[in-house]
Amino acid sequence: MHKIIRYGVAALAFAAAIGGAQALTLDEVKSAGYVQGATANEVPYGYMKEDGSAAGIGPAVAIAVFKKMGINEVNWTVTPFGTLIPGLKARRFAFAAAEQNISPERCKQVSFTEPNSSYGEGLLVKKGNPKKLTTYADIAKDPSLKVAVVSGANNIDFLRAVGVKDNQIVIIQANADALSTVQTRADAYAATELTVSKLAEGGKDVEQVKPFTDPIVDGKPVRNYGGFAFRPEDKELRDAYNAALIEFRKTDDYKKILTSYGLSEESIKAAMAKNVADLCAGK
């Protein structure tokens, strides 16, 4: 079964091995028999099911790609979104699969693969949308409004870009905190469209803002492009994974995974039309 979180002797030995190495190679991963991955607990991008198995767009694709590479086991660590990059840099795991937006700032810290997904923005609000919000810019128009954002998420950049002040922003540690935060100390929760959609499905006193207009930043609507993150020094492993990912993106199995988690055909095509070099350059 793919793949439970494991903290046994073998896992600790592997963590020690990657902690002491200058670069983690594909041969070392194959020799270990598994690779250590991390995701944030955010549906539908990456999360753990009750049976201990990993699910979501990132983990499901990663499991399939590593299997193509001859690595049949991925052991998962769940960590808050804001600690994914610090944890990767600290060598607590070998890669991150949480559909993090590929941005120039993040590209300075980690090495991304080609895009694995594409998605727009969204707002979660109390039932009935009492503040009549339709886009992020509406929050900027009323200084009394508060909006929640997960620590480390780039939604905060989009909010700031349309004029939302820092004293209007409530930082929360995990996506799971959004429902209670919207009910108690924020007027809205800003996240990706799929995250908001899933939260709205499970919350009886909240809803997704519809219709919603994506924020305009630098003259164009915001669209995120999620990828897998590796350490820059692990270039060989990242390049091997990236090559396998590019081939897997050509298959029907790849499209089935993404559509099963709610990604539209249009969003899949949008992701395929972009490349990591341009995204890291801010293009």
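- To the nearest 0.5 Å, atom CG of residue Asp205 and atom CD of residue Gln183 are 5.0 Å apart.
- Annotation for Lys131: atom NZ does not count as buried by contact number, only 12 or fewer foreign heavy atoms lying within 6.0 Å.
- In this structure, the side chain of Thr135 engages the main chain of Thr213 through a donor-acceptor pair within 3.5 Å.
- Both Ile156 and Val217 belong to a single network of hydrophobic side chains, linked directly or stepwise wherever heavy atoms of I, L, V, M, F, W or Y lie under 4.5 Å apart.
- A 4.5 Å side-chain heavy-atom check between Ile246 and Asn242 finds at least one atom pair inside the cut-off.
- Pairing each heavy atom of Gly122 with each of Val196, the nearest pair is C-CG2, 3.8 Å.
- Of all heavy-atom pairs spanning Ala148 and Tyr189, the tightest one is O-CD1, 3.3 Å.
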Test log, rule side-chain hydrogen bond (donor to acceptor under 3.5 Å, both in side chains), inputs Asp142 and Gln168: CA-CA 9 Å; Asp142 185 348; Gln168 295 181 265; over 6 Å; no
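- Side chain of Tyr136 to backbone of Glu121: no donor-acceptor contact under 3.5 angstrom is found.
- For the residue pair Asn129/Glu207, the side-chain donor-acceptor check at 3.5 Å is not satisfied.
- Residues Asp252 and Lys255 are not paired through a salt bridge, judged by the lack of any N-O separation under 4.0 Å between the basic side chain and the carboxylate.
- Taking both residues in full, the closest heavy atoms of Ser267 and Leu263 are given as CB-CG, 4.0 Å, listed atom of the first, atom of the second, then distance.
- Side chain to side chain, Asn101 and Ser103 fail the donor-acceptor criterion of an N or O pair below 3.5 Å.
- Separating the CG atom in Asn167 from the NZ atom in Lys146 is a distance of 5.5 Å, to the nearest 0.5 Å.
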Steps toward side-chain contact (heavy atoms from CB on, under 4.5 Å) verdict (Leu24, Phe95): CA-CA 11 Å; Leu24 178 64; Phe95 75 102; over 6 Å; no
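- In the hydrophobic clustering of this structure, Leu88 groups with Ile102; members are Ile, Leu, Val, Met, Phe, Trp, Tyr whose side-chain heavy atoms approach within less than 4.5 Å, directly or through other members.
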Worked check of salt bridge (Lys or Arg N to Asp or Glu O under 4.0 Å) between Lys30 and Asp27: CA-CA 5 Å; Lys30 287 184 174 180; Asp27 284 345; 5.5 Å; no
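- Contact between Trp76 and Ala62 at its shortest, heavy atoms only, is CH2-CB, 4.1 Å.
- Asn175 contributes atom CG, which lies 4.5 Å from atom CG of Leu199 (distance to the nearest 0.5 angstrom).
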Tyr261 vs Ser117, side-chain hydrogen bond (donor to acceptor under 3.5 Å, both in side chains): CA-CA, chis, key distance, verdict: CA-CA 11 Å; Tyr261 287 105; Ser117 64; over 6 Å; no
Worked verdict on Arg91 versus Glu233 for side-chain contact (heavy atoms from CB on, under 4.5 Å): CA-CA 11 Å; Arg91 309 188 76 82; Glu233 61 266 32; 2.9 Å; yes
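- Listed here is the closest heavy atom pair of Glu42 and Thr195: OE2-OG1, 2.6 Å.
- For the atom pair OG of Ser118 and CG of Asn224, the computed distance is 7.5 Å after rounding to the nearest 0.5 Å.
- Proximity of Asn116 to Ile57: side-chain heavy atoms (C-beta onward) are separated by under 4.5 Å at one or more points.
- Atom CD of Glu114 sits about 6.0 Å away from atom CZ of Arg249, to the nearest 0.5 Å.
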Evaluation steps, side-chain contact (heavy atoms from CB on, under 4.5 Å), between Tyr45 and Gln100: CA-CA 9 Å; Tyr45 302 105; Gln100 292 168 289; over 6 Å; no
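- Linking ILVMFWY side-chain heavy atoms closer than 4.5 Å, directly or via other members, places Leu145 and Leu124 in two distinct hydrophobic clusters.
- Hydrophobic clustering of Ile, Leu, Val, Met, Phe, Trp and Tyr side chains at less than 4.5 Å, counting indirect connections, keeps Val43 apart from Leu123.
- A heavy-atom distance below 4.5 Å is found between the side chains of Leu258 and Val61.
- Under a hydrophobic-cluster definition in which Ile, Leu, Val, Met, Phe, Trp and Tyr are linked whenever side-chain heavy atoms come within less than 4.5 Å, directly or via other members, Val149 and Phe212 are assigned to the same cluster.
- Within the 3.5 Å criterion, the main-chain N or O of Ala97 finds a donor-acceptor partner in the side chain of Thr39.
- Within the 3.5 Å criterion, the main-chain N or O of Gly33 finds no donor-acceptor partner in the side chain of Glu73.
- We find the OH-CG distance between Tyr225 and Asn275 to be 11.0 Å, quoted to the nearest 0.5 Å.
- Here the side chain of Glu193 pairs a donor or acceptor atom with the backbone of Gly120 at under 3.5 angstrom.
- Side-chain N or O atoms of Thr113 include one that pairs as donor or acceptor with a backbone N or O of Phe228 at under 3.5 Å.
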Residues Asp234, Arg238; criterion salt bridge (Lys or Arg N to Asp or Glu O under 4.0 Å); working and verdict: CA-CA 6 Å; Asp234 297 341; Arg238 178 268 179 195; over 6 Å; no
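- Nearest heavy atom pair, residue Phe248 against residue Ala64, reads CZ-CB, 3.6 Å.
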side-chain contact (heavy atoms from CB on, under 4.5 Å) evaluation trace for Ile169 with Val147: CA-CA 5 Å; Ile169 297 172; Val147 57; 4.2 Å; yes
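- Using modelled atom types, no side-chain atom of Lys204 and backbone atom of Lys127 make a donor-acceptor pair closer than 3.5 Å.
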